[in-house]
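For reference, the structure is listed below as structure tokens.
Numbers for residues simply follow the sequence, beginning at 1. Start at 1 and go down the list; that is how both ligands and their atoms are numbered.
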Amino acid sequence: MGRNKRRSRQELISQHEKWLQCLEEYKTNVYYTYQPTINGDFVEQNRTNRKVQLHPANRLSISDLEINTFHENRFLLCRVITKCAKSVALSTVIEDPEGDAERISMYNWLPKNTIPASGLSVDQVSKLLPIGTIIAVQNPYYKIGEDGFSLIRSDYPDQITIVNPNDSLLSEIEWESDKEEASKNKSKTNKNKTADDYRLYGNKYFEMSDFASAVRMYSLGVELDPRNVTLYANRAEAYLRSRQFEKSLMDTEIALKLDPKHLKASIRKGKALLNLKRYEEAVNVFHELLKRPKSRNSFDGQIRREVEQFLKQSEMMNSENKHGEYDYVNIINEFLKQSEIVEDFCEQDWVHAGGPRLNHADYISGAIELKQGGAKGRKWVSKQDIPQHTLLMVSKAFEIVFEQETPNFFILGNKIQTDISYLIPPIAQKLRDEPELGHEIYQLHVGPDMTPGKDLDEHLLKTVDIKRIEKLLLYNAFQQDNGSGSLFKRSSTTDVDINGLGLWLDPSYFNHSCIDTNAERIYLGDLMFIRAQRAISKDEDLTFSYVSPIFAYEKRAHLLEKFGIRCKCRLCEIERAEPLEIHLRRRKILEHFGSHIVPKIFLEQEIYTYELFLIIKALENMISELSSLRKEHDLDFSSIMLVHALDKAYSLTGNTSKSVSILQKIYELLKKHNMYEHSSKFALSLALQHSRLGQMSPAKKLFNSGLYEMVAPIIGDFAINISQNRTKALRIAEKLDPAFIFEARYAGLV
Ligand SMILES: C[S@@+](CC[C@H](N)C(=O)[O-])C[C@H]1O[C@@H](n2cnc3c(N)ncnc32)[C@H](O)[C@@H]1O
């Protein structure tokens with residue numbers, strides 16, 4: 001047997017810690033070859049994934065496990081005692097109530113495409129199953145690993161249930177290691193601890209930002225003295241810091257019952273309410289607080305100013321939430337401020353400060369409603385006629401990961417993009433902290449293989465179900481850089497180039513269409529603003545495009561396939577019906593454009609004058625051929641980028657007059673389809689071209705149109721000929737594209 005024998009708890013932990021250190025140091029350099037099974041998952045044997053009833057009679061201990069045995073219909077109750085590591089499987093060390101420890105490898109916890117090595121840091125991965133999490137491993141398999149030591153293996157995330165500490169399953173369970181810890185503590189000096197001792201311990205942990213331990217200490221204090229107001233008030237703050245807002249609110253309410261005038265408990269109650277999106281109640285709490293006389297409870301100076309600030313914020317969020325009134329100029333400023341690049345003194349480098357998460361409220365217009373319907377499932381529908389550019393919805397991301405928050409690796413030469421595996425750990429953590437959120441998030445579409453959220457029972461809605469989170473992200477996550485909505489991408493001249501991958505709940509019920517959409521979205525940091533793209537009639541299904549219609553059919557179809565969508569919009573139907581030769585020819589032209597012309601024109605490769613003329617000729621021929629391939633000219637989006645390149649090439653030669661007519665044609669096409677994100681750019685380019693030709697009157701008209709088309713999707717409809725409005729629009733445009741507005745000023749258009 002020798003090496004097969006089970007290792008001690010200490011050996012297991014120290015071995016695992018070495019492994020964690022190795023992962024932290026080498027990150028993606030650890031490369032694994034792997035052979036996925038036919039269905040693509042890592043499944044060792046085609047064993048059953050039958051659910052086991054979590055009844056004490058079915059419980060196993062580590063000492064009951066037999067090597068090479070699949071313990072069908074049994075479950076192992078255990079607790080995580082080390083941080084999780086992720087290579088191919090997620091691995092950690094667990095203990096059972098009897099005090100035995102063993103390592104466990106859990107497969108298929110993160111999507112396959114993140115393997116080899118996902119690039120998630122140890123801390124990010126640890127959010128999946130933090131230390132102390134109690135799990136029930138169903139149908140555990142016990143085996144000898146490649147290193148000759150034993151391990152528990154689980155192949156299906158839905159076979160691992162995270163057990164709530166209050167679950168009745170645990171009522172009879174006593175953890176041996178807790179008893180040992182308690183007796184160790186007792187044998188030390190702290191035999192007669194008081195509630196106040198625990199308060200002080202809690203405060204110490206709090207100062208070290210270990211909020212979970214602080215909560216534990218305050219709770220021990222509460223057990224000794226259930227009427228101790230300070231303990232509840234302190235625990236409320238520790239809960240706030242760990243973003244457990246329901247629990248925080250509950251503690252503030254107990255504290256305020258015991259002492260209705262408790263200042264800190266009241267402030268914390270307001271903060272918890274604000275975070276729970278109960279804005280009006282938060283306003284009332286802060287408002288009441290400010291009525292207090294200045295001297296009371298030393299309620300003046302700094303604290304009073306803080307409460308005034310919170311009142312202001314709650315009032316703002318309340319009005320945003322109720323009336324959809326947002327201060328766009330301020331929000332854009334906040335966004336830019338939080339997107340700034342700052343100096344990292346440790347690394348002696350310049351880095352992004354972190355993603356721009358903006359503190360603003362959600363809003364849903366009363367003119368729309370969520371309905372169940374047809375083959376596409378749930379959908380937003382207009383309840384009345386809605387004018388163009390009306391604000392339909394504002395939504396803050398449930399969770400978002402910005403590019404610069406993830407290490408950008410190159411594995412075998414390919415940049416690994418932010419993918420949904422980065423979102424799974426923070427969402428798992430959020431649901432663990434606030435299980436009530438499961439109600440909302442689990443209603444999202446999860447594809448055909450899983451039970452719909454509406455059919456899940458109350459208990460399942462409160463569990464952390466990794467497989468379900470992965471699925472719902474596959475169908476609902478938005479990539480900000482997918483060709484629509486990323487506001488600052490409109491300009492190649494701003495420094496701001498921050499994209500995130502996020503989950504927005506209410507916007508997830510907008511269905512897709514490539515063209516003929518009636519809604520459009522833009523992002524500012526983690527906020528998504530959705531407006532009516534055109535005038536909408538009563539009872540219309542509301543749609544926006546998940547992928548830009550400017551993408552070629554093949555690319556759109558490929559992206560949409562991931563959502564399980566075979567799009568039936570006008571554009572897709574026409575393109576699908578086109579003969580193969582036309583497809584191939586178009587693809588060939590676009591490929592040639594992408595590989596030969598884009599680098600010269602857009603990526604600023606060196607270019608000689610004679611080359612420029614050759615490129616212009618080639619582009620003219622390509623544009624004319626693309627146009628002849630598409631009979632419905634109002635749907636000829638394929639040459640948009642080519643026209644853009646042609647315009648730039650003409651500008652480089654100094655021959656402006658030639659680009660005007662060709663730009664004009666594309667501009668009209670884009671405007672016809674209300675594609676303002678692109679049309680505004682063409683209008684502004686056209687304005688500059690006209691001004692270069694000395695045609696100031698059309699130049700100014702086009703400049704105004706471009707300005708309107710750029711700004712109206714952000715702030716809503718406005719009369720551009722009113723000077724006050726124009727000034728505001730210019731202020732916003734200047735932030736989005738400072739270089740362009742500078743040029744326009746120089747050309748006398750502003
Ligand atoms: C983000 S969700 C949209 C809300 C979804 N209808 C629901 O009931 O939850 C995306 C899913 O909606 C459905 N869907 C959206 N647009 C569609 C379309 N144009 N054609 C078919 N199905 C569509 C697909 O099932 C897709 O995976």
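For the ring pair (Phe, Tyr, Trp, His ring centres under 6.0 Å) with F544, the lone residue among F510, F529, W504 that qualifies is F510. For the side-chain contact (heavy atoms from CB on, under 4.5 Å) with I427, the qualifying choice from V464, L128, L472, L473 is L473, the only one to do so. With T543 as reference, N518 is the one residue of D516, I515, N518 to meet the side-chain contact (heavy atoms from CB on, under 4.5 Å) rule.
Note: H673 and F637 meet the aromatic proximity criterion, with ring centroids under 6.0 Å apart. Checked against the 6.0 Å centroid criterion, the rings of F335 and H360 do not qualify as a close aromatic pair.
Within ligand 1, counting atoms from 1 as listed, the ones closer than 4.0 Å to a heavy atom of Y475 are 1 (C), 10 (C), 27 (O). Close approach of ligand 1 to Y509 (heavy-atom distance below 4.0 Å) involves ligand atoms 4 (C), 9 (O). Close contacts between ligand 1 and G377 involve ligand atoms 6 (N), 8 (O) [criterion: under 4.0 Å to a heavy atom]. Heavy-atom contacts of Y546 reach the following atoms of ligand 1: 1 (C), 2 (S), 3 (C), 10 (C), 15 (C) (cutoff under 4.0 Å). Annotation for ligand 1: atoms under 4.0 Å from non-hydrogen atoms of S508 are 1 (C), 2 (S), 3 (C), 4 (C).
Among protein heavy atoms, the minimum distance from atom 9 (O) of ligand 1 is reached at R378 NH2, 2.8 Å. Scanning all protein heavy atoms for the shortest distance to atom 16 (N) of ligand 1 gives H512 N, 2.9 Å. Of all protein heavy atoms, the one lying nearest to atom 13 (C) of ligand 1 is K376 O, 3.7 Å. Nearest non-hydrogen protein atom to atom 12 (O) of ligand 1 is N511 OD1, 3.5 Å. Closest protein heavy atom to atom 11 (C) of ligand 1: H445 CD2, 3.7 Å.
Scanning L560, N476, I565 for the heavy atom closest to atom 20 (N) of ligand 1 points to I565.
The N/O atoms of F563, backbone and side chain alike, include one that comes under 3.5 Å of an N/O atom in ligand 1. Considering backbone and side-chain atoms together, S513 places no N or O closer than 3.5 Å to any N or O of ligand 1. Every N/O-N/O distance between R566 and ligand 1 stays at or above 3.5 Å.
Within a 6.0 Å radius of CZ in R576, other residues, nucleotides and ligands contribute more than 12 heavy atoms.
Here the closest non-hydrogen pair linking S548 and R556 is O-CD, 3.4 Å.
Cation-pi geometry between K430 and F398 is met: the NZ or CZ atom falls under 6.0 Å from the ring centre, inside 45° of the normal.
Taking the six-membered ring for Trp and thresholds of 30 and 60 degrees, Y326 and Y363 have ring planes more than 60 degrees apart, a perpendicular arrangement.
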